[in-house]
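Reviewing the structure listed below.
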Amino acid sequence: MLLIEEKYKSIAKLLLSSGTCPRCVLRFCCVGSSAPYRLPYKNLADELQKFLSNDGDIAPPSKKVRLGDSEECRSETEITRDTDVNEAPQTCNLCLGILQHLCSTEFVKQIFHKVQSAGYEFQDFVFSVSLPPQLLVRESVFTRMAVVKALDKITDDDFVTHFPWPPSTPKTTCQVIDIQCNHASVFVAGRYNKYSRTLPQTPWVIDGERKMESSVEELITEQLMTVFQADSFNFSSSGREDVDVRTLGRGRPFAIELVNPHRVRVTEQVMKDLQQKINGTDKIKVRDLQIVTREALAHMKEGEEEKTKCYSALIWTEKTIRKEDVEFLNDIKELKILQKTPLRVLHRRPLASRPRIIHTMKSEYMDEHHFRLYLKTQAGTYIKEFAHGDFGRTVPNIGSMMKTTADILELDVESVDVDWPPALED
């Protein structure tokens, strides 16, 4: 049955006579069941004709209706013109032909072929349609408030002139521009060590010119992109180190979003092989490489400001120093400092003053102008600026506390205290 209530009979007559296709008639008569819409076009037109001519007392359609029974779109418009109501135009004035010409078996086969030939691995799918914005105007799909405001600003005469109802017959039919297949992103996480002092974390490009031949990001993602056959990727990590800073210890947590991957059924052994291939260089090493969920990425981001990080720094001082000149640093605990955005990153970060905490320090005297300093700090602390002061933008700093000019010659990240992703057995 069409399931159209008797009270909608006059509406159905008006719509059909004005050039509305039978499926749109069902929509605007509040038919929520999918069964009538799946009827072949001829059957649906016949059932609608019976409803309009026999006071709604109609026999139910055959229960053996299948999508494959639908006729070609070419004949569907001919059927519309064969109804007893006023002759309908070729293209529906509400759906612009979408429900007339894009419901045939041939079009469904076209979509099926596109999906099959795209080469994706998948178990289920979501079918979505991007409709022309003109449909919203023709169907008045606006919020109540928007409609009320619009009606307050227009006279009755202007409304009738510019917004005739039913809508006028379109001169062209909607055409399918493209059928696209996309897979949900896959997220891969792990931890990386960086052993080179000439390797940036991400590609270093200034004014279109590449400054370094590679990066941590590229060395990791090159293998992943090949295996997962993704279109692109997004790299993120728990903080970042400068190009001349090594990352040691258990490494820095990172995550990579692989966008529109074609291959997604990846075993643990494949991930181990991937990790081994990535580790075929002396510049970086990765561990705990694994597939994670999008929601799990929040654990990594939480550590950027809330966790602690440990560093070792080789410090140079302008004045001559003795062992006792640096021993006082060992006794300083929970030192509060204030850091303005460093000059070296001011071009890409907003100007702000950020309070940071130096939890502990331990010094190792080396010679008259050098000592090694081990620090445990709040995540987000600029260690280089804490050493030299950045022209007074970080206070206090090592130079001001030792009453000399100080600078960092070498800096290593010893640990990033973020317990994510979960450790895996080697």
Side-chain angles (χ1 to χ4, degrees), residues 191-202 204 211-212 215-216 237-252 281-285 307-345 354 356-417:
R191 302 179 79 101
Y192 73 81
N193 293 108
K194 182 169 88 75
Y195 302 119
S196 172
R197 296 194 187 278
T198 59
L199 183 70
Q201 187 195 64
T202 55
W204 194 357
K211 298 300 182 182
M212 300 285 180
S215 65
V216 174
S237 63
S238 181
R240 58 184 300 140
E241 68 283 318
D242 291 337
V243 61
D244 58 347
V245 176
R246 298 186 302 177
T247 299
L248 308 178
R250 293 181 57 237
R252 185 186 298 277
T281 174
D282 59 356
K283 294 182 179 181
I284 67 165
K285 290 289 186 294
K307 303 297 183 179
T308 60
K309 296 183 180 180
C310 296
Y311 302 86
S312 66
L314 177 60
I315 307 291
W316 167 88
T317 61
E318 183 179 37
K319 76 174 185 180
T320 301
I321 58 172
R322 296 173 297 178
K323 183 178 181 180
E324 51 267 30
D325 292 329
V326 297
E327 287 183 339
F328 79 98
L329 296 172
N330 301 340
D331 299 325
I332 299 177
K333 311 295 182 184
E334 305 301 319
L335 175 65
K336 295 180 180 180
I337 65 173
L338 191 64
Q339 293 192 306
K340 287 186 178 180
T341 304
L343 294 173
R344 62 189 174 91
V345 299
R354 302 174 178 87
R356 293 290 184 261
I357 298 177
I358 310 297
H359 296 293
T360 61
M361 289 184 283
K362 180 183 177 182
S363 62
E364 281 185 3
Y365 178 79
M366 299 182 67
D367 59 40
E368 294 179 339
H369 292 282
H370 302 88
F371 70 96
R372 187 166 292 277
L373 186 64
Y374 298 92
L375 310 95
K376 183 176 183 180
T377 74
Q378 178 184 353
T381 304
Y382 292 102
I383 305 300
K384 291 180 178 179
E385 282 67 26
F386 175 61
H388 58 64
D390 198 24
F391 300 99
R393 299 170 68 85
T394 292
V395 290
N397 56 73
I398 296 295
S400 66
M401 290 188 292
M402 296 184 63
K403 296 180 173 55
T404 184
T405 299
D407 205 352
I408 284 184
L409 301 182
E410 291 180 354
L411 179 62
D412 294 330
V413 179
E414 296 289 348
S415 71
V416 179
D417 299 331

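With a 4.5 Å cut-off on side-chain heavy atoms, Phe386 and Thr377 do not count as touching. Under the 4.5 Å side-chain criterion, counting only non-hydrogen atoms from C-beta, Met402 is in contact with Phe371. For the pair Tyr365/Glu324, no side-chain contact is recorded, criterion being any heavy-atom separation below 4.5 Å from C-beta on. Contact annotation: the side chain of Met361 approaches that of Ile398 to within less than 4.5 Å [non-hydrogen atoms, C-beta and beyond]. Counting heavy atoms from C-beta outward, Ile337 and Pro396 have side chains that approach closer than 4.5 Å. Residues Thr360 and Leu375 are not in side-chain contact: their nearest non-hydrogen atoms beyond the backbone lie 4.5 Å or more apart. Looking at Val243 and Met212, their side chains come closer than 4.5 Å, going by heavy atoms from C-beta outward. Taking the side chain as every heavy atom from C-beta outward, Thr381 and Lys309 never approach each other to under 4.5 Å.
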Test side-chain contact (heavy atoms from CB on, under 4.5 Å) applied to Glu241 and Asp412, step by step: CA-CA 9 Å; Glu241 68 283 318; Asp412 294 330; over 6 Å; no

Worked check of side-chain hydrogen bond (donor to acceptor under 3.5 Å, both in side chains) between Arg240 and Thr202: CA-CA 9 Å; Arg240 58 184 300 140; Thr202 55; 3.2 Å; yes

Worked check of salt bridge (charged side-chain N to carboxylate O under 4.0 Å, His left out) between Asp244 and Arg197: CA-CA 4 Å; Asp244 58 347; Arg197 296 194 187 278; over 6 Å; no

Evaluation steps, side-chain contact (heavy atoms from CB on, under 4.5 Å), between Leu314 and Ile408: CA-CA 6 Å; Leu314 177 60; Ile408 284 184; over 6 Å; no

For Leu373 and Tyr311, run side-chain contact (heavy atoms from CB on, under 4.5 Å): C-alpha distance rounded to whole Å, both residues' side-chain angles, the deciding distance at 0.1 Å, then the answer. CA-CA 8 Å; Leu373 186 64; Tyr311 302 86; over 6 Å; no

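Around atom NZ of Lys376, no more than 12 heavy atoms belonging to other residues, nucleotides or ligands sit under 6.0 Å away. Other residues, nucleotides and ligands contribute at most 12 non-hydrogen atoms within 6.0 Å of the NZ atom of Lys340. Counting heavy-atom neighbours within 6.0 Å of Lys319 NZ, excluding the residue itself, gives a total above 12. Heavy atoms from other residues, nucleotides or ligands lying under 6.0 Å from CH2 of Trp204 number 12 at most. Other residues, nucleotides and ligands contribute over 12 non-hydrogen atoms within 6.0 Å of the NZ atom of Lys333. Summarising the local packing, NZ of Lys362 is surrounded by 12 or fewer heavy atoms from other residues, nucleotides or ligands at distances under 6.0 Å.
The CG atom of Leu409 sits 7.5 Å away from atom CD1 of Ile315, with the distance rounded to the nearest 0.5 Å. Note that CG of Leu335 is 13.5 Å distant from CZ of Arg356, once rounded to the nearest 0.5 Å. Expressed to the nearest 0.5 Å, how far CG of Asn330 lies from CD of Glu364 amounts to 9.5 Å. For the atom pair NZ (Lys283) and OG (Ser196), the distance works out to 6.0 Å, reported to the nearest 0.5 Å. Distance check: Asp331 CG to Ser363 OG gives 9.0 Å after rounding to the nearest 0.5 Å. From Thr317, atom OG1 reaches atom CG of Asp367 across 8.5 Å, with rounding to the nearest 0.5 Å.
Shown here for Leu411 and Ala313, the closest heavy-atom pair between the two residues is CD1-CB, 3.8 Å. Counting all heavy atoms, side chain and backbone alike, Arg372 lies closest to Tyr374 at CD-OH, 3.3 Å. Tyr382 approaches Glu385 most closely through the heavy-atom pair CB-OE1, 3.2 Å. Pairing each heavy atom of Val395 with each of Gly392, the nearest pair is CG1-O, 3.7 Å.
Between the side chains of Thr247 and Asn193, no donor-acceptor pair is found at a separation under 3.5 Å. In this structure, a donor-acceptor pair under 3.5 Å is present between the side chains of Gln201 and Tyr192. In summary, the side chains of Glu318 and Thr404 do not present any donor paired with an acceptor at a separation below 3.5 Å, with no hydrogens or angles considered. Side-chain atoms of Glu334 and His359 form a donor-acceptor pair, as typed in the model, at a separation below 3.5 Å.
A donor-acceptor distance shorter than 3.5 angstrom exists from the side chain of Lys194 to the backbone of Leu199, with no hydrogens or angles considered. Judged by distance alone, the side chain of Ser237 and the main-chain N or O of Gly239 form a donor-acceptor pair under 3.5 Å. Proximity of a side-chain donor or acceptor of Ser415 to a complementary backbone N or O of Asp417 within less than 3.5 Å is not detected. In terms of modelled atom types and a separation under 3.5 Å, the side chain of Arg393 and the main chain of Thr341 share a donor-acceptor contact. Between the side chain of Asn397 and the backbone N or O of Gly399 there is at least one donor-acceptor pair closer than 3.5 Å. Side chain of Arg252 to main chain of Ser238: a donor-acceptor pair is present (N/O by atom type, distance under 3.5 Å, no hydrogens or angles). Between the Asp242 side chain and the Val245 main chain, no donor and acceptor come within less than 3.5 Å of each other. With hydrogens and angles disregarded, no donor-acceptor distance shorter than 3.5 Å links the side chain of His388 to the backbone of Ala406. Although no hydrogens or angles enter the test, the distance criterion places no donor-acceptor pair under 3.5 Å between the side chain of Arg246 and the main chain of Glu410.
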